[in-house]
Amino acid sequence: MKVLYFASIREALDTDHDIVDLTDDMTVEAVRKLLCAKGEPWASVLSNTSLLAAKNQELVSFDTALEANDELAFMPPVTGG
Amino acid sequence: MISVQTEDFSVQDLYEQLRQKDANATGAICTFTGLVRDFGDDKDLQGIELEHYPGMTLKSLQKIVDEAKTRWNIIDSVVVHRIGKLFVSDQIVFVGVCSSHRADAFAATEFIMDYLKTSAPFWKKELKGSQSTWVEAKQSDADRFDKWK
């Protein structure tokens with residue numbers, strides 16, 4: 001599954017996406033932890049409590065379940081308008 | 001109508017679009033325009049860069065407009081949000097609502113803006129000389145949206 005990054009998160013990780021192997025019953029939080037386990041900078045960047053997650057282009061809570069063909073994105077709090 | 005675009009927009013043109021919707025029933029049109037301002041102390045802000053999550057931006061704005069339509073009696077609405085590089089005093093965003101009565105038009109316009117500020121996936125970066133800094137989300141924006149919950 002592809003995980004997209006935006007804005008300051010993308011810059012801090014120096015990449016606009018990662019690929020993760022999704023196992024059964026994985027939640028957004030499980031994917032976050034998996035990426036944090038890669039070490040720095042993921043561990044710091046993705047541990048920020050203000051981190052937002054979107055599944056299939058809709059904001060979701062971190063306990064949301066994922067399927068293999070979902071699109072997941074991690075992003076900082078929005079600043080549009 | 002919802003649009004995410006790099007090009008500037010004409011408030012007059014968007015107002016005319018609203019005016020043509022159900023002309024007999026429309027009694028009130030409310031519009032809001034957001035502009036780039038120099039909010040730093042050092043006054044050397046050159047501009048901003050607006051990033052967005054393509055696909056999600058349109059979905060998110062549509063969801064916001066749909067929510068406004070369930071809460072108030074709206075005939076139609078227009079939301080335009082620009083992306084890319086903008087300079088101080090450039091137009092960033094337009095929200096317009098037409099309705100039979102002003103209460104619905106005022107409230108829906110404010111709601112759409114407050115909701116957009118906390119949930120639409122756009123991110124601003126300040127450009128100052130050779131440096132650029134991401135703008136931080138404001139607690140005041142989250143507080144403003146809380147009042148609509």
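What's counted below: heavy atoms across the whole structure, side chains too, no hydrogens, waters or symmetry copies. Below, read A as the first sequence line, B as the second, and so on, with proteins coming before strands; counting in each chain starts at 1. The structure displayed is predicted, hence computed values, not measured ones.
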Student: Count the heavy atoms belonging to other residues, nucleotides or ligands that lie under 6.0 Å from NZ of B:Lys85, then report whether that count exceeds 12.
Tutor: no

Student: Could you measure the distance from the CD atom of B:Glu51 to the OG atom of A:Ser8? Nearest 0.5 Å is fine.
Tutor: 9.0 Å

Student: Please say yes or no: joined through hydrophobic side-chain contacts below 4.5 Å, possibly via intermediate residues, are A:Val3 and A:Leu46 part of one cluster?
Tutor: yes

Student: Is B:Lys117 close to chain A through its backbone or its side chain, or both, or neither, when contacts mean heavy atoms under 4.5 Å?
Tutor: both

Student: For B:Glu49, is it the side chain, the backbone, both or neither that has a heavy atom under 4.5 Å from a heavy atom of chain A?
Tutor: neither

Student: Please name the pair of heavy atoms, one in A:Phe6 and one in B:Pro54, separated by the smallest distance, quoted to 0.1 Å.
Tutor: CE2-CD, 4.3 Å

Student: Are more than 12 heavy atoms from other residues, nucleotides or ligands located less than 6.0 Å from atom CG of A:Asp14?
Tutor: no

Student: Between B:Val93 and B:Tyr15, is there shared hydrophobic-cluster membership here, with clusters defined by ILVMFWY side-chain heavy atoms closer than 4.5 Å?
Tutor: no

Student: Got a sec: does the CZ of B:Arg102 have more than 12 other heavy atoms crowding it under 6.0 Å?
Tutor: no

Student: Near B:Phe106 CZ, under 6.0 Å, is it more than 12 heavy atoms from other residues, nucleotides or ligands?
Tutor: no

Student: Where does A:Leu4 contact chain B at under 4.5 Å (heavy atoms): side chain, backbone, both or neither?
Tutor: side chain

Student: Quick check for you: to the nearest 0.5 Å, what is the distance between B:Leu50 atom CG and A:Thr79 atom OG1?
Tutor: 7.5 Å

Student: Heavy-atom cut-off 4.5 Å, strictly under: side chain, backbone, both or neither for B:Thr118 against chain A?
Tutor: backbone

Student: Identify which part of B:Thr57 has an atom lying under 4.5 Å from any heavy atom of chain A, answering side chain, backbone, both or neither.
Tutor: neither

Student: Side-chain heavy atoms under 4.5 angstrom apart, residues restricted to Ile, Leu, Val, Met, Phe, Trp, Tyr: same cluster for B:Trp72 and B:Val97?
Tutor: yes

Student: Take a 6.0 Å sphere around CD of B:Gln46 and say whether it holds more than 12 heavy atoms from other residues, nucleotides or ligands.
Tutor: yes

Student: Got a donor-acceptor contact below 3.5 angstrom from the B:His81 side chain to the A:Gly81 backbone?
Tutor: yes

Student: Going only through I, L, V, M, F, W and Y residues with side-chain contacts under 4.5 Å, is there a path from A:Leu35 to A:Phe62?
Tutor: yes

Student: If you count heavy-atom pairs within less than 4.5 Å of chain B, which of A:Pro76, A:Ala7, A:Ser50 leads?
Tutor: A:Ala7

Student: Can you confirm whether more than 12 heavy atoms, excluding those of B:Glu7, are under 6.0 Å from its CD atom?
Tutor: yes

Student: With only heavy atoms counted, which part of A:Ala54 is less than 4.5 Å from chain B, the side chain, the backbone, both or neither?
Tutor: side chain

Student: Please state whether the side chain, the backbone, both or neither of A:Glu58 comes within less than 4.5 Å of a heavy atom of chain B.
Tutor: both

Student: A:Val78 versus B:Trp123: any side-chain heavy-atom pair under 4.5 Å?
Tutor: yes

Student: Give me the atom names and distance for the closest heavy-atom approach of B:Tyr53 to A:Ala73.
Tutor: CE1-CB, 3.5 Å

Student: So for B:Lys138, is it side chain, backbone, both, or neither that comes closer than 4.5 Å to the heavy atoms of chain A?
Tutor: neither

Student: Find out whether A:Met75 and B:Met56 are in side-chain contact, i.e. whether some heavy atom of one side chain is under 4.5 Å from a heavy atom of the other.
Tutor: yes

